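The shown structure was predicted, so the numbers you read here are calculated from the model rather than taken from an experiment. For this chain, numbers begin at 1 and follow the sequence in order. For ligands, and for the atoms within them, numbers begin at 1 and follow the listed sequence.
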Amino acid sequence: MNEETNSTSRPKVNLMGLTQEELVEFFAGIGEKPFRATQVMKWLHLGAVDDFQDMTNLSKSLRAKLESAAEIIVPEVTFKKYSKDGTRKWVLKLDSGNSVETVFIPTDGRGTLCVSSQVGCVLDCSFCSTGKQGFQRNLTTAEIIAQVWVANQSFGPRDNRGDRPVTNVVMMGMGEPLLNFDNVIKAMHLMKDDLGYGISKRRLTLSTSGVVPAMDQMNEEIDVALAVSLHAPNDELRNQLVPINRKYPLKELLAACTRYLDKYESKRRRITMEYVMIEGVNDSPEHAKELAKLLQKIPSKINLIPFNPFPGSGYRRSPPERVKWFQNFLLKQGYTTTVRSTRGEDIDAACGQLVGMVEDKTQRNSRWREKLIDVKSGDNPPLKK
Ligand code: SAH
Ligand code: SF4
């Protein structure tokens, strides 16, 4: 049954997060035929309609039935900004104390949506503002899907907009998706469903910091693209930047990557390796050489992400010429290597950062807020000069 249901009362079922099978089951429960699920999914996900009264091919009596048994919950948009380059950003309020952010980035014919999976994150990577907010709670499947819904809806009614604006989804917003496993996997199935958001498996990417057992589990349950937040070419440095490395060190992480690539007989093509570039920390020529060697046996695409500074981070972004050098070196070693552009900066599009400024949940946050005007000061000094 739906995750929002509890046994003491009979609350309305939120249809936003139901897969096709669950919706069929829901309709069976109220004495309706399975094709009703198809009809409602088309309205809800393809049409971005959230009012049963607007679902005009349903009879009046069915609409009334739905009003009493079900609801469609769209979180309140408390902040929204559309920037000149096409980037759009929303902060969605999930409940009284919790908000998440969602970012839409258009690039040559594609529309990529960066989706959040948790409020905060328990893993506390040293360079990540979401991690610094602590962990509050997991998102429900409905709350994950609602982010895609809001983005699509912002482009107006389906009839006016032709193809769906969101063509790609990356689970790279706030939170570690593999630590909210069931809800994320279910949401990704719904994103792939043609009656949901029709996102193909190559256009749907889950990014993980390396929760090894959950990577294997995911391999069993869904076929999507994988991105790994590598950020360091050796255990010593990665232990400091990505603390989960102490539990699942590089050897184990790369073995899981190989299992992912080998899952099907036809073999998957490659994994995206994310590498945030922090000045004086992980951006030296030695690091580049070590990285090239480390990934020799793993078909990889390397995505260099210039570090996005935030108040109190204590880190600086690697200078552009250093990023360029790193990229050229890796290219010469035969790796497809891209640099994530820093578009959307006028709306502070780096995931996880805006909520940290808008919300004020922990002591830590309030300390940071005081530092908003002083980006360079901080309690997290660079590891190496
Ligand atoms: N928890 C998952 C997905 C969310 S983070 C993960 O860690 O992979 C999405 C990406 O943004 C990750 O690669 C993360 O390391 C990176 N990131 C986090 N903070 C950043 C910052 N301040 N600047 C640049 N990239 C950052
Ligand atoms: Fe969590 Fe990812 Fe941020 Fe690390 S980088 S703290 S895993 S959200």
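- Residue contacts with ligand 1 leave out Pro309, since none of its heavy atoms falls under 4.0 Å from the ligand.
- With a 4.0 Å heavy-atom cut-off, ligand 1 is reached by the side chain of Glu274 but not by its N, CA, C or O.
- Checking only distances, Gly175 does come within under 3.5 Å of ligand 1, N or O to N or O.
- With a 6.0 Å cutoff to the six-membered ring centre and a 45° limit on the axis angle, Arg317 does not count as a cation-pi contact of Phe307.
- A salt bridge is absent between Glu279 and Arg322: the closest approach of a Lys/Arg side-chain nitrogen to an acidic carboxylate oxygen does not fall below 4.0 angstrom.
- Using modelled atom types, one finds no donor on one side chain facing an acceptor on the other under 3.5 Å when comparing Ser117 with Glu176.
- Grouping the Ile, Leu, Val, Met, Phe, Trp and Tyr side chains by contacts below 4.5 angstrom, directly or via other members, places Met174 with Val122.
- Only the backbone of Thr208 comes within 4.0 Å of ligand 1, counting heavy atoms alone; no side-chain atom from C-beta on gets that close.
- Residues Asp50 and Trp149 have side chains that never bring a donor and an acceptor to within less than 3.5 angstrom of each other.
- Of the candidates Lys192, Lys263, Lys201, Lys201 is the only one forming a side-chain hydrogen bond (donor to acceptor under 3.5 Å, both in side chains) with Asp223.
- Inclusion of Cys128 in the set of residues having an N or O under 3.5 Å from an N or O of ligand 1 is not warranted.
- Of the charged side-chain nitrogens involved, at least one lies within less than 4.0 Å of a carboxylate oxygen, so that Glu274 and Arg340 count as a salt-bridged pair.
- At a heavy-atom distance under 4.0 Å, only side-chain atoms of His231, from C-beta outward, approach ligand 1.
- Of all protein N/O/S atoms, those lying under 2.8 Å from atom 4 (Fe) of ligand 2 come to 1.
- For the pair Arg164 and Phe155, the cation-pi criterion (under 6.0 Å, within 45° of the ring axis) is not fulfilled.
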Which atom pairs, donor and acceptor, lie under 3.5 Å between side-chain atoms of residues 293-303 and protein residues at least two apart or in another chain?
from	atom 1	to	atom 2	distance (Å)
Ser300	OG	Ile298	O	2.6
Asn303	OD1	Thr338	OG1	3.2

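- The heavy atom nearest to atom 6 (C) of ligand 1, considering only Ser229, Gly210, Ser117, Ser116, is found in Ser229.
- Taking the charged nitrogens against the carboxylate oxygens, Lys65 and Glu32 do have a contact shorter than 4.0 Å, which makes a salt bridge.
- Proximity of Ala227 to ligand 1 is not established, as no heavy-atom distance is less than 4.0 Å.
- By the 4.0 Å N-to-carboxylate-O rule, Arg137 lies close enough to Asp95 to be salt-bridged with it.
- By the criterion of a heavy-atom distance under 4.0 Å, both the backbone and the side chain of Asn308 are placed next to ligand 1.
- Ligand-side atoms of ligand 1 in range of Met172: 4 (C), 5 (S), 9 (C), range being under 4.0 angstrom from any heavy atom.
- Among Ser126, Gly175, Ser116, the residue whose heavy atom lies closest to atom 2 (Fe) of ligand 2 is Gly175.
- Between the side chains of Thr337 and Gln327, no donor-acceptor pair of N or O atoms lies under 3.5 Å.
- Annotation for ligand 1: atoms under 4.0 Å from non-hydrogen atoms of Ile305 are 24 (C), 25 (N).
- Note: no N/O pair closer than 3.5 Å links Ser129 and ligand 1 by distance alone.
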